[in-house]
Amino acid sequence: MMKEKIFILLPDGLGLRNFGYTDFYKKAADKNFEIIFWNITPFPLADMGYPELKISNAKIHPLTDIYKKAKVQVEFNLNIKRTKDKIYNRYRFPFSYSTIKNATKSILVNSVTFTHSTKWGLLRIRRKINENERKTHYYHQSLATLEKEKPAMVFCTNQRHITTVAPLLAAKDLGIPTATFIFSWDNLPKATMVVETDYYFVWSDYMKEELLFYYTYIKPEQIVVTGSPQFETHFDKNNLLTKEAFFMQNDLDLAKKYVCFSGNDETSSPDDPKYLEDIAKAVKKLNEQGNNLGVIFRRSPVDFSGRFDFIKEKYKEEVTFIEPLWKSLSTAWDSILPTIEDNVLFSNLAEHTELVLTIGSSTVFDFIAHNKPTAYLKYNQQEQLNVKWDIYKCYGFVHFRSMPSQEVVFWINNPEEMATAILNAMSKNEKILRQAGKWFEKINQNPPQLASERIWNAIDKIIKN
């Protein structure tokens, strides 16, 4: 039997992590599918052993980015009007007027937003994006590729990249089924939906309801609930090292128990070094009281700054740095390549530490997959690098409303609570673990290790209809 060819439209490295390094890629052959990565990224997938067709000139129409940015602003305006909830203003990024080019673009975006902030105005923006993209060389290049290769489906790994619009339009115009994956748990309230496809793959029933709420033109039968492949690594016992092997590999002390601090990038959390110092101080205090603890720091994979260097010197007895195994192809954030080795490293980190401390991160789900608790830091530093940054705004975002209760994590409301919270998370955590498990089941389809299986079953059903 001839294999059905499936194009995986890849606009960034996160798609490779979810669909290249997981059971999704492995199961293609079992399901009699041939995967081709339709690659927009700078990553050399062929050198890594993945079949690819490179898109070399993904140049969008000159007006598309303006319409895209205006679309985001209009969606926020309409969501505020519809819900009477001003939380959506917090998702807006400030406009830049630093150069003539930036100022011109900002003025145009604001002008389109002002004249299109209605339901019909939003529809016109969506149509203009598609109309302009169909005029590009990129669109016609995509048409030619699809006519030659004749895939049974084009599956886009991420709904938010404007460079995916033209190839998806080309596929739709040729009658080839299209689908996109909503790649993160917080994306839909942030107005990140750029593409329009025949089908939308989501993590959960909760996300399905979100999708129907924010995008009323999408019909329920277009939405497929599958879960996210990104969590599958945690349930593959073949990836787990023994504690002894993991500790030896990372120069850890077998006599110690370790807690993990999972960092954010500089924009999301400019004061991360101070939070890490607070954790290190608490662990030092606990050790002086007879405990034997250590801190493992995992920085954000896109943070290559030297802002944590002073911690290495000042708290070298308390803090061990275990760097993410991502590869940088350039200084641009979207040229940072995740690796399959990092998936395994992260899974072992969750398995062999006692808990994770973080600021509003989805690592809560990675760690509960290993039955480990999370502590969310919830206080501002007395002296902040960015006085406009506010941790309380972080926890006000819409995706945190999905919590079944406040007891899904330990909350640390000031540095003085840090030491007690760490001890409690290590010992009195049964209720927290149960509630975190319920949150995970709400956010991601259960059982989580079958996400790829569900995706392939859905693809098979779609192309046979």
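A quick note: this is a predicted structure, and the numbers were derived from the prediction, not measured.
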*Non-neighbouring partners of Tyr395 that pass ring pair (Phe, Tyr, Trp, His ring centres under 6.0 Å), sequence neighbours left out*: Tyr376, Phe400, Trp411
*asked:* With ring pair (Phe, Tyr, Trp, His ring centres under 6.0 Å) as the criterion, how do Tyr258 and Phe247 come out once you've worked through the C-alpha distance, each side chain's angles and the decisive distance to 0.1 Å?
replied: CA-CA 10 Å; Tyr258 287 87; Phe247 273 48; 5.5 Å; yes
*asked:* With salt bridge (Lys or Arg N to Asp or Glu O under 4.0 Å) as the rule and sequence neighbours excluded, what pairs involving residues 104-118 come up?
replied: Asp65-Lys105
_Neighbour count >12 (heavy atoms, 6.0 Å) for atom CZ, Arg124_ = no
*Sequence neighbours left out, what passes ring pair (Phe, Tyr, Trp, His ring centres under 6.0 Å) with Phe76? Give chain and number order.*
none
*Apply side chain to side chain donor-acceptor pair (under 3.5 Å) to Glu131 and list each qualifying residue two or more places apart in sequence or on a separate chain.*
Lys128
*Sequence neighbours left out, what pairs pass side-chain hydrogen bond (donor to acceptor under 3.5 Å, both in side chains) with at least one residue falling in residues 48-61?*
Asn39-Glu52
_Distance-only side-chain donor-acceptor flag, Asn239 / Asn348, under 3.5 Å_ = no
*Any pair counted as salt bridge (Lys or Arg N to Asp or Glu O under 4.0 Å), so long as it reaches residues 355-372, sequence neighbours left out*: none
*Does anything in residues 435-444 pair up under salt bridge (Lys or Arg N to Asp or Glu O under 4.0 Å), and if so which pairs, sequence neighbours excluded?*
none
*Go through the structure and list residues passing salt bridge (Lys or Arg N to Asp or Glu O under 4.0 Å) with Lys208, not counting sequence neighbours.*
none
*In this structure, are over 12 heavy atoms from other groups packed under 6.0 Å from Arg92 atom CZ?*
yes
May I have the list of side-chain donor-acceptor pairs in residues 147-156 shorter than 3.5 Å, sequence neighbours left out?
| residue | atom | partner | partner atom | Å |
| --- | --- | --- | --- | --- |
| Glu149 | OE1 | Lys5 | NZ | 2.8 |
| Lys150 | NZ | Glu147 | O | 2.7 |

*asked:* Can you see whether Tyr217 has Arg126 sitting over its ring - NZ or CZ less than 6.0 Å from the centre and within 45° of the normal?
replied: yes
*With sequence neighbours excluded, give me every salt bridge (Lys or Arg N to Asp or Glu O under 4.0 Å) pair touching residues 340-359.*
Arg298-Asp342
*Identify, with sequence neighbours excluded, every residue that meets side chain to side chain donor-acceptor pair (under 3.5 Å) alongside Asp198.*
Thr178
*When you check the side-chain N and O atoms of Ser268 and Asp265, is any donor under 3.5 Å from an acceptor?*
yes
*For a ring-ring contact (aromatic ring centres under 6.0 Å, His included) with Phe231, tell me which candidate from Phe367, Phe346, Trp203 qualifies.*
Trp203
All N/O donor-acceptor pairs, side-chain side in residues 446-460, below 3.5 Å, sequence neighbours left out:
| residue | atom | partner | partner atom | Å |
| --- | --- | --- | --- | --- |
| Ser452 | OG | Phe24 | N | 2.8 |
| Ser452 | OG | Glu232 | OE1 | 2.9 |
| Ser452 | OG | Glu232 | OE2 | 2.9 |
| Glu453 | OE1 | Lys27 | NZ | 3.3 |
| Glu453 | OE2 | Lys31 | NZ | 3.1 |
| Arg454 | NE | Thr226 | O | 2.7 |
| Arg454 | NH1 | Pro447 | O | 3.4 |
| Arg454 | NH2 | Thr226 | O | 3.0 |
| Arg454 | NH2 | Gln445 | O | 3.4 |
| Arg454 | NH2 | Pro447 | O | 2.9 |
| Trp456 | NE1 | Phe24 | O | 2.7 |
| Asn457 | OD1 | Lys31 | NZ | 2.8 |
| Asn457 | ND2 | Glu453 | O | 3.3 |
| Asp460 | OD1 | Lys464 | NZ | 3.3 |
| Asp460 | OD2 | Lys464 | NZ | 3.2 |

*Taking atom CZ of Phe93 as the centre, report whether more than 12 heavy atoms of other residues, nucleotides or ligands fall under 6.0 Å from it.*
no
*Regarding Thr22 and Gln230, is there a side-chain donor-to-acceptor distance under 3.5 Å anywhere?*
no
